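All remarks here apply to the structure that follows.
Computed from a predicted structure; not experimentally measured.
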Amino acid sequence: MSQTAQPPRLTSKRDKWARRGQQAATVGFVLYAAFAPHSIAAAEISLAIVGAGWLLRTLSSRKTGFRRTPFDLCIWLFFLWTVASSFLSEEPRISIAKIQSTCVVFLFYLTQAIVTKRTAIVLVAVMITSGAVGTLYSVYDVARGRGVLVDSVMPESPFQALDVRAGDAIWRIDGRRIYSVEDLDEAIKKSPLQTELTVSMISTGEHIERRGLVITDEIRQRPSPSGIVGNRSTHRFRASGWTRHYETYSEILQIVAQLALGLALANYKNHRFNLRFKLISVAFVLLAVGIALTAMRTVLVALAIGVLVMVVRSLGARARLLTLAGLCLLLGFGAFVVYQTRAQNALSFGDPSSSLRVQVARVGLSRIMLHPLFGHGMDSMHVHWREWGFPGSDMLHLHSTPLQLAFDRGLPALGFWLWIMWIFWRTASRAEKAWRDSADSNRYGILLGATGAVSGFFVSSLVNYNFGDGEVALVFWWLMGIVVVLTAKERDKPSQPNTNSS
């Protein structure tokens, strides 16, 4: 009998370099999981390590590791339509330059090429732990306070031109944190002449960036160059961990929290109150508290809906009631934080931020049918904001992923995005159901968490442009790759729980 031809083995040298590439890429992914909730710079460096490792492995083994998935067609149609809309944009130079931001989708392919089922569990655990540690820092940050709370502004103060008022807080100058008026004065004295500084402020709980603080020699020679009077820090601000913005932070924590709860519910289902269940439950509570401290109303609602999806899919009636009671406590705490932190009437959505969002959405919706096929082009609204009838000057997107995609890239692009979301949900939910009765708590828990994460992400996307936030989009594509890895066909079927008594 003739033997089946076997593929030639790698030479020992090529095999060694392929293993090193795989190891480097895996280390890069571990670093990414650790930094993703906190620092985009560190996360991008980590992904650069992943890319370099993958390239080394690919050149050595001559295999990319990519596999065919149900996502491929809708992803590439979405990407190609984005490219076409950019070339047909109202501002082609701006939109074409923006195409590079959509390349975050490559993380989906890198994840499925490098990550294994075993490393997927490690990566999710690292990201959950990192997010929980970030919440601890947020609690410390709120307790310590930020910047200097303004009691009054002297008439000759350079901050008069920035409309700084009593009750506002100044906490950064050109990205450097300050903790007192002395720190503020020192930062101004050390700045080069004629430098235009950016001032980070907190006003009624909201973070505001103001530009135009020009340093002159006259200002630097004053006893108090800032002209600010105040000796307290503010505790009324929206927590953001180590990140630059609370919106990004909350959206990432929402995804990570759903994964934590999925793992906790899976361990409860298979092992009841074991140590792993207790630790992961503590991590989920910390992540949920971190989201509450951001005072992001919509993300809190998205978290609640994702939790409900998972609870309904995994628990019995009594456990559902207990979980719902805990969820009510979380929402109550979140409502208290919103009331204490944000503007008056924020809980009833009667604050200026909510009304401005509605106005912007109406204008954007009214213009979609002017360019229904390819849209206006990414970021073209930045140039024509007032010309196209948008109110205000600070909000430069529609605060809704479906609206923004239709406005920027056309209705077909919106359809392709909805297709991606649907396949993500279908893949995760079918796999979760298939592994529901297995003894593999980790795989089942991550898949269960993914159903909650994609549900929460979609709900939040209706009123937040979370898909346009590069940091959040990276975590989204990473999780999609993790789901593909965990749902890949294997020789072994889901193992059943051991029913034998010990």
* Separation between CG of L324 and CG of L329, rounded to the nearest 0.5 Å -> 11.5 Å

* CZ of R165: more than 12 outside heavy atoms within 6.0 angstrom? -> no

* Return each pair, listed once, that meets ring-ring contact (aromatic ring centres under 6.0 Å, His included) where at least one residue sits in residues 187-215; pairs must be two or more places apart or across chains. => W171-H207, H207-Y246

* Give a yes or no on whether the backbone of V337 and the side-chain of T341 come within a donor-acceptor separation of less than 3.5 Å. => yes

* Asked: With the threshold set at 4.0 Å, does a side-chain nitrogen-carboxylate oxygen contact exist between R232 and D151?
  -> yes

* Would you call D141 and R177 a salt bridge, using N to O less than 4.0 angstrom? -> yes

For residues 277-284, please give each side-chain donor-acceptor pair under 3.5 Å, one per line with the distance, not counting sequence neighbours.
residue	atom	partner	partner atom	Å
S281	OG	F277	O	2.7

* To do: Enter the distance from L213:CG to L197:CG here, rounded to the nearest 0.5 Å.
  => 5.0 Å

* Any luck finding a side-chain donor-acceptor pair between T401 and N466 under 3.5 Å? -> yes

* Determine yes or no for a side-chain-to-main-chain donor-acceptor pair under 3.5 angstrom, with R57 supplying the side chain and T64 the backbone. => yes

* Is the F416 to F79 ring centre distance short of 6.0 Å? -> no

* Minimum heavy-atom distance between Q100 and A97, given as atom pair plus value -> CG-O, 3.1 Å

* Asked: Side-chain donor-acceptor pair under 3.5 Å between E251 and S460, yes or no?
  -> yes

* Verify the distance criterion only: is there a donor paired with an acceptor across the side chains of T82 and R409 at less than 3.5 Å? => yes

* Are a donor atom and an acceptor atom from the side chains of T451 and E432 found within less than 3.5 Å of each other? -> no

* Counting N and O atoms only, with roles assigned by atom type, does the side chain of Q112 sit under 3.5 Å from a partner on the main chain of I482, one being a donor and the other an acceptor? -> no

* Under 3.5 Å side-chain donor-acceptor pair for S224 and D185 -> yes

* Asked: Once you round to the nearest 0.5 Å, how far does CG of L162 lie from CG of D168?
  -> 11.0 Å

* To do: Under the side chain to side chain contact (heavy atoms under 4.5 Å, CB included) rule, what do M480 and I420 come out as? Steps first, then yes or no, please.
  => CA-CA 10 Å; M480 187 184 291; I420 293 171; 3.6 Å; yes

* To do: State, without any angle test, whether T119 and T116 hold a side-chain donor-acceptor pair at a distance under 3.5 Å.
  => yes

* Assign the ring pair Y465 / H397 to parallel, tilted or perpendicular, where the plane angle (0 to 90°) is split at 30° and 60°. => tilted

* Should we say atom NZ of K269 is surrounded by more than 12 heavy atoms from elsewhere, each under 6.0 Å from it? -> yes

* **R172 and E209 ion-paired at < 4.0 Å** => yes

